[in-house]
Amino acid sequence: MNLLNIFTKTFETKQPEKAEVGSHWIKCKSCHSLMYYKEVEYQNYVCPKCGFHIRIDVDKRIKMLADEGTFIEYDASLEPVDPIKFVDKKSYKKRVEEGFAKTGRKSSVVSGECQMNGVGVQLVIFDFAFMGGSLGSVEGEKIVRAAERAIENEQGLIILSASGGARMQESTFSLLQMSKTSAALAKLAKHNLPFISVLTDPTMGGVSASFANLGDIIIAEPGALVGFAGQRVIEQTIGSELPDGFQRAEFLLEHGSIDMIVNRNNLKKTLADLLTLLKKD
């Protein structure tokens with residue numbers, strides 16, 4: 001081995017060591033503090049310095065909310081079709097394939113049944129990593145089926161939303177899910193069963209304009225962005241400036257649009273207590 005090979009080998013072995021060290025730290029997007037990853041993980045990905053709620057995936061939410069070993073997923077085999085053969089920069093089929101490769105799931109919704117502190121509940125969680133958590137035909141069908149299971153089992157329904165809105169690649173088919181899910185929740189209400197809506201960052205578009213704001217109780221995580229259109233679009237439409245943070249959870253609570261803001265670390269207990277309080281006699 002010559003001298004050049006020795007230096008090359010040394011350089012190549014040091015690269016993964018640097019990457020491994022870097023993976024132990026996380027930087028808060030709000031206060032820019034650099035923190036040990038395990039410390040943030042222990043706090044359910046809430047910044048221990050400023051309380052900023054870092055976005056988390058579906059698996060972490062299930063682990064955080066469901067009693068250990070109780071979550072049973074339903075309708076995992078449902079997958080989108082391409083009803084209008086939509087193509088923009090990529091085909092709809094290609095985007096679905098990329099979403100599956102990224103998340104290991106066939107849609108942006110995971111639905112199932114679990115126990116929360118011993119209380120049975122139907123749980124639906126949006127995965128923002130799959131096409132921005134957009135609402136399509138499969139997602140709407142999963143929500144309707146979850147509502148039907150809640151009626152059959154006399155349980156409450158909880159939906160955690162994280163979405164950019166209706167899925168444009170399905171056109172009118174996706175818009176119909178707004179009315180379809182709303183009708184299912186009306187049926188749930190007729191059976192005096194609770195629907196608790198949890199708004200996480202972000203909850204926008206057709207999701208916020210339909211089932212996300214139809215909860216018997218509407219909860220938001222601190223700092224969650226909630227609205228129909230973006231602030232810039234609204235300002236251009238009405239021709240005037242809007243107050244800072246007007247689409248954030250704190251502003252919505254102050255103006256009566258939501259019922260409460262709950263820290264992620266207290267969310268499971270809060271939901272379980274509400275389910276017990278609203279339980280059908």
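Since the structure is predicted, the reported quantities are computational estimates derived from the model, not experimental observations.
Here salt bridge (charged side-chain N to carboxylate O under 4.0 Å, His left out) pairs that include residues 203-225, with residues two or more places apart or in two chains, are Arg61-Glu221, Glu221-Arg264. Under the salt bridge (charged side-chain N to carboxylate O under 4.0 Å, His left out) criterion, no residue pair touches residues 115-126, with sequence neighbours excluded. Applying the salt bridge (charged side-chain N to carboxylate O under 4.0 Å, His left out) test to residues at least two apart or on different chains, the pairs with a partner in residues 34-43 are Lys38-Glu41. Sorted by first and then second residue, the side chain to side chain donor-acceptor pair (under 3.5 Å) pairs involving residues 173-188 (not counting sequence neighbours) are Glu141-Lys180. Legend: ring pair (Phe, Tyr, Trp, His ring centres under 6.0 Å) pairs involving residues 206-251, not counting sequence neighbours, sorted by first then second residue: Phe126-Phe211, Phe251-His255. Listed by first then second residue, pairs satisfying salt bridge (charged side-chain N to carboxylate O under 4.0 Å, His left out) with a partner in residues 121-134 read Arg105-Asp127, not counting sequence neighbours. Evaluation of the ring pair (Phe, Tyr, Trp, His ring centres under 6.0 Å) test over residues 146-178, restricted to residues two or more places apart or in two chains, returns none. Listed by first then second residue, pairs satisfying ring pair (Phe, Tyr, Trp, His ring centres under 6.0 Å) with a partner in residues 68-113 number zero, not counting sequence neighbours.
Nearest heavy-atom pair, Pro80 versus Arg167, reported as atom, atom and distance to 0.1 Å: CG-NH1, 4.0 Å. The shortest non-hydrogen separation linking Glu250 to Gly223 is OE2-N, 2.9 Å. In terms of heavy-atom proximity, Gly164 sits nearest to Phe128 at N-CE1, 3.9 Å. Residue Ala129 comes nearest to Thr103 through the heavy atom pair CB-CG2, 3.8 Å, listed as atom of the first residue, atom of the second, then distance. When all heavy atoms are compared, the tightest approach of Ala150 to Gly156 is CB-O, 4.3 Å. Asn117 approaches Lys269 most closely through the heavy-atom pair ND2-CA, 3.9 Å.
Within 6.0 Å of CG on Asp244 lie no more than 12 heavy atoms contributed by other residues, nucleotides or ligands. Open room surrounds NZ on Lys93; 12 or fewer heavy atoms of other groups in view lie less than 6.0 Å from it.
Without hydrogens or angle criteria, Thr270 side chain to Asn266 main chain gives a donor-acceptor distance under 3.5 Å. Between the side chain of Thr200 and the backbone N or O of Ser161 there is at least one donor-acceptor pair closer than 3.5 Å. A donor-acceptor distance shorter than 3.5 angstrom exists from the side chain of Lys142 to the backbone of Val109, with no hydrogens or angles considered. A donor-acceptor pair under 3.5 Å is formed between the side chain of Glu139 and the backbone N or O of Gly136. In terms of modelled atom types and a separation under 3.5 Å, the side chain of Asn153 and the main chain of Gln155 share no donor-acceptor contact. For the pair Gln247 (side chain) and Ala229 (backbone), a donor-acceptor distance under 3.5 Å is present.
Side-chain contacts under 4.5 Å among hydrophobic residues (ILVMFWY), followed directly or transitively, place Ile258 together with Leu199, Ile218, Val226, Leu252, Leu253, Ile261.
For the residue pair Tyr37/Tyr42, the side-chain donor-acceptor check at 3.5 Å is not satisfied. Side chains of Ser77 and Lys106: no donor on one and acceptor on the other come within 3.5 Å. Side-chain contact annotation: Ser111 with Gln122, donor-acceptor N/O pair under 3.5 Å absent.
Between Glu68 and Lys63, no side-chain nitrogen of the basic residue sits less than 4.0 Å from a carboxylate oxygen of the acidic one, so the salt-bridge criterion is not met.
Asp82 meets the salt bridge (Lys or Arg N to Asp or Glu O under 4.0 Å) test with no other residue; sequence neighbours excluded. Shown here are the side-chain hydrogen bond (donor to acceptor under 3.5 Å, both in side chains) partners of Lys102, two or more places apart in sequence or in another chain: there are none. For Ser208, there are no side-chain hydrogen bond (donor to acceptor under 3.5 Å, both in side chains) partners at least two apart in sequence or on another chain.
Phe130 has its side chain within reach of Val96: a pair of non-hydrogen atoms, C-beta onward, lies under 4.5 Å apart. Contact annotation: the side chain of Arg55 approaches that of Asp201 to within less than 4.5 Å [non-hydrogen atoms, C-beta and beyond]. Taking 4.5 Å as the limit, some side-chain heavy atom of Ile219 sits within range of a side-chain heavy atom of Leu274. The closest side-chain heavy-atom distance from Ser137 to Glu170 is below 4.5 Å. Between Met35 and Cys28 the shortest side-chain heavy-atom distance falls below 4.5 Å. With a 4.5 Å cut-off on side-chain heavy atoms, Ser108 and Ser163 do not count as touching. Side-chain atoms of Ile54 and Val46, non-hydrogen and from C-beta on, never get closer than 4.5 Å to each other. Between Asp67 and Lys268 the shortest side-chain heavy-atom distance falls below 4.5 Å.
Here the straight-line distance linking atom NZ of Lys29 with atom SG of Cys47 works out to 13.0 Å at 0.5 Å rounding. Of the inter-residue distances, the one linking Ile196 atom CD1 with Ile158 atom CD1 reads 4.5 Å to the nearest 0.5 angstrom. Summarising the geometry, atom CG belonging to Leu123 is positioned 10.5 Å from atom CD belonging to Glu113; distances are rounded to the nearest 0.5 Å.
Cluster membership check: Met204 does not share its hydrophobic cluster with Met178, using side-chain heavy-atom separations under 4.5 Å among Ile, Leu, Val, Met, Phe, Trp and Tyr. By the rule that hydrophobic residues join a cluster once side-chain heavy atoms approach within less than 4.5 Å of another member, Val121 and Leu271 end up as members of one cluster. Linking ILVMFWY side-chain heavy atoms closer than 4.5 Å, directly or via other members, places Val207 and Leu175 in a single hydrophobic cluster. Under the 4.5 Å side-chain contact rule for hydrophobic residues, Val124 and Leu78 do not share a cluster. The hydrophobic cluster containing Val262 also contains Leu275, counting ILVMFWY residues as joined when their side-chain heavy atoms lie under 4.5 angstrom apart, directly or transitively.
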Exercise for review: Could you walk me through whether Asp75 and Arg145 pass salt bridge (Lys or Arg N to Asp or Glu O under 4.0 Å), step by step?
Suggested key: CA-CA 9 Å; Asp75 306 316; Arg145 292 188 185 188; 3.0 Å; yes
